[in-house]
Amino acid sequence: MVPVMDTTDLSGKTALVTGAGSGIGRETALLLGTRGADLVICDLDEAGLGETERRLVDLGRSVVARRVDVADREQMRAFADAVHERVPAVDLLVNNAGVGLAASFADTTLDDWDWIVGINLMGVVHGCHFFLPKMIDRGVGGHVVNVSSAAGFVAAEPLCAYATTKFAVFGLSEALQQELHRSRIGLTVICPGIINTPITRSSRGRGIFDRSDTRAELVESYERRNYTPERVARNILKAVQCDRVVGPVSPEAWGMWFLKRLSPSLVRWIGRTSTERQLRRFGG
Ligand SMILES: NC(=O)c1ccc[n+]([C@@H]2O[C@H](COP(=O)([O-])OP(=O)(O)OC[C@H]3O[C@@H](n4cnc5c(N)ncnc54)[C@H](O)[C@@H]3O)[C@@H](O)[C@H]2O)c1
């Protein structure tokens, strides 16, 4: 049995969150801090990271904050070395950093593929590669959270490369969960639906998704949905507490999770017709 991590009281534990300078990563780091954990956080965006660090310090937590590109193997190696000089291992590893790309396959360039695979997939691989061995060696359990997406089990044409990376994170997580079970380390793959975070503004778009009107529509639909990253953070800690392997977050993610298993062809039809509606509307 994997010892369950009590996420209601994390005093004495160290949690690491990648992409903690914004959105889901920031809110997860803050909630972990509120529940008593000390934090190791990283992000590419120094200003956002600094803001999260300041709020964690205000909570009275010890914080290590570092600008790190999760896609960069050597930066992640140096980050892990620095962390392991302070603690023998982290207790909770949250591989959250990620980017969005709205584009069909035809509009996705090879540079886009390198960029998104580097961050969304290799960022998670690097997190696991550099931080897991010390967790395993320490032999007292722990938990890994990999942030995938509802697009990690339902693919749609406009999210071709994004869904590819998120399916990959899902597959990696399912395999790794089995391997970690022997070391009594839990793993949860988190699959959020539509979450209102700055990702809608920072995502890349190609083809019709590279236009201001489609971008505005995307931002507005996420704002209207208004499922907050704070709620995602609460759901992440709940999923860890329950040692849940797959954690869809938000009603639409849960709905698609069940529908995909009930009728994959219906899910494909929904995806195709909603893309066609979008293409008609924006003249693609
Ligand atoms: N917002 C959603 O609707 C949604 C849905 C499903 C899954 N997700 C996933 O949740 C995770 C967090 O997304 P979010 O919505 O909070 O977005 P966000 O843009 O608010 O936060 C992502 C953070 O990751 C950081 N980041 C990006 N590239 C990085 C890199 N190379 N190295 C280090 N940090 C990097 C960004 O600077 C940013 O601070 C992502 O993996 C995303 O794919 C989001």
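Just so it is clear, the structure is predicted and the values come from calculations on it, not from any experiment. Counting starts at 1 for both ligands and their atoms, following the listed order.
Arg225 and Glu252 are joined by a salt bridge, as a carboxylate oxygen and a charged side-chain nitrogen come within less than 4.0 angstrom of each other. Arg77 and Asp81 are not joined by a salt bridge, as no carboxylate oxygen comes within less than 4.0 angstrom of a charged side-chain nitrogen.
Looking only at protein heavy atoms, the nearest one to atom 33 (C) of ligand 1 is Val68 O, 3.2 Å. Nearest protein heavy-atom neighbour of atom 3 (O) of ligand 1: Ile195 N, 2.9 Å. Protein heavy atom in closest approach to atom 18 (P) of ligand 1: Ser22 OG, 3.6 Å. Scanning all protein heavy atoms for the shortest distance to atom 42 (C) of ligand 1 gives Tyr162 OH, 3.6 Å. For atom 35 (C) of ligand 1, the closest non-hydrogen atom of the protein is Ala97 CB, 3.8 Å.
Between Arg244 and Gly247, the shortest heavy-atom contact is CD-CA, 4.3 Å. Here the closest non-hydrogen pair linking Leu16 and Phe79 is CD1-CE2, 4.0 Å.
Ring geometry, Phe130 versus His126: the interplanar angle falls from 30° to 60°, so the pair is classed tilted. Ring planes of Trp257 and Phe170: tilted class, angle from 30 to 60°.
Looking at Asn120, Thr200, Ile190, Asp43 and measuring to atom 36 (C) of ligand 1, the nearest heavy atom belongs to Asp43. Summarising the contacts of atom 7 (C) of ligand 1 with Ser148, Gly19, Gly98, the nearest heavy atom is found in Ser148. Considering each of Leu101, Thr197, Val17, Asn196, the one bringing a non-hydrogen atom nearest atom 15 (O) of ligand 1 is Thr197. Which of Ile41, Ile199, Asn96 comes nearest to atom 12 (C) of ligand 1 through a heavy atom is settled by distance: it is Asn96. Of the candidates Ile24, Thr28, Leu44, it is Leu44 that places a heavy atom closest to atom 34 (N) of ligand 1. The residue from Ser149, Pro229, Gly193 that puts a heavy atom closest to atom 5 (C) of ligand 1 is Gly193.
Taking the ring centre of Phe282 as origin, the terminal cationic atom of Arg280 falls outside the region bounded by 6.0 Å and 45° from the ring axis.
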Would you please test Glu220 and Arg224 for salt bridge (charged side-chain N to carboxylate O under 4.0 Å, His left out) and show each step? CA-CA 6 Å; Glu220 209 227 306; Arg224 219 179 316 117; 3.1 Å; yes

After noting the C-alpha distance and the side-chain angles of Arg204 and Asp112, does the key distance pass the salt bridge (charged side-chain N to carboxylate O under 4.0 Å, His left out) rule? CA-CA 9 Å; Arg204 284 187 186 174; Asp112 289 333; 3.0 Å; yes

Output, in order, the C-alpha distance, side-chain angles, deciding distance and verdict of salt bridge (charged side-chain N to carboxylate O under 4.0 Å, His left out) for Arg201 and Glu223. CA-CA 11 Å; Arg201 291 187 166 80; Glu223 283 175 356; 3.1 Å; yes

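Near Val99, meaning under 4.0 Å from any of its heavy atoms, are these atoms of ligand 1: 27 (C), 28 (N). Near Gly23, meaning under 4.0 Å from any of its heavy atoms, are these atoms of ligand 1: 16 (O), 20 (O). Residue Val147 has at least one heavy-atom neighbour below 4.0 Å for each of these atoms of ligand 1: 9 (C), 10 (O), 11 (C). In the vicinity of Asp69, heavy-atom distances shorter than 4.0 Å reach the ligand 1 atoms 30 (C), 31 (N), 32 (N).
Side chain of Ser250 to backbone of Pro192: no donor-acceptor contact under 3.5 angstrom is found. Side chain of Gln75 to main chain of Asp69: a donor-acceptor pair is present (N/O by atom type, distance under 3.5 Å, no hydrogens or angles).
Counting heavy atoms closer than 4.0 Å to ligand 1, residue Lys166 contributes side-chain atoms (C-beta onward) but none from N, CA, C or O.
Checking Asp38 against Thr14 by side-chain atom types alone, no donor-acceptor pair falls below 3.5 Å.
For the pair Thr18 and ligand 1, no heavy-atom separation below 4.0 Å is found. Using a 4.0 angstrom heavy-atom cutoff, Pro198 counts as in contact with ligand 1. Not close to ligand 1: Glu27, with no non-hydrogen atom less than 4.0 angstrom away.
Among the atoms of Tyr222, none of the N or O lies under 3.5 angstrom from an N or O of ligand 1. Considering backbone and side-chain atoms together, Val70 places an N or O closer than 3.5 Å to an N or O of ligand 1. Between Pro192 and ligand 1, no pair of N/O atoms sits closer than 3.5 Å.
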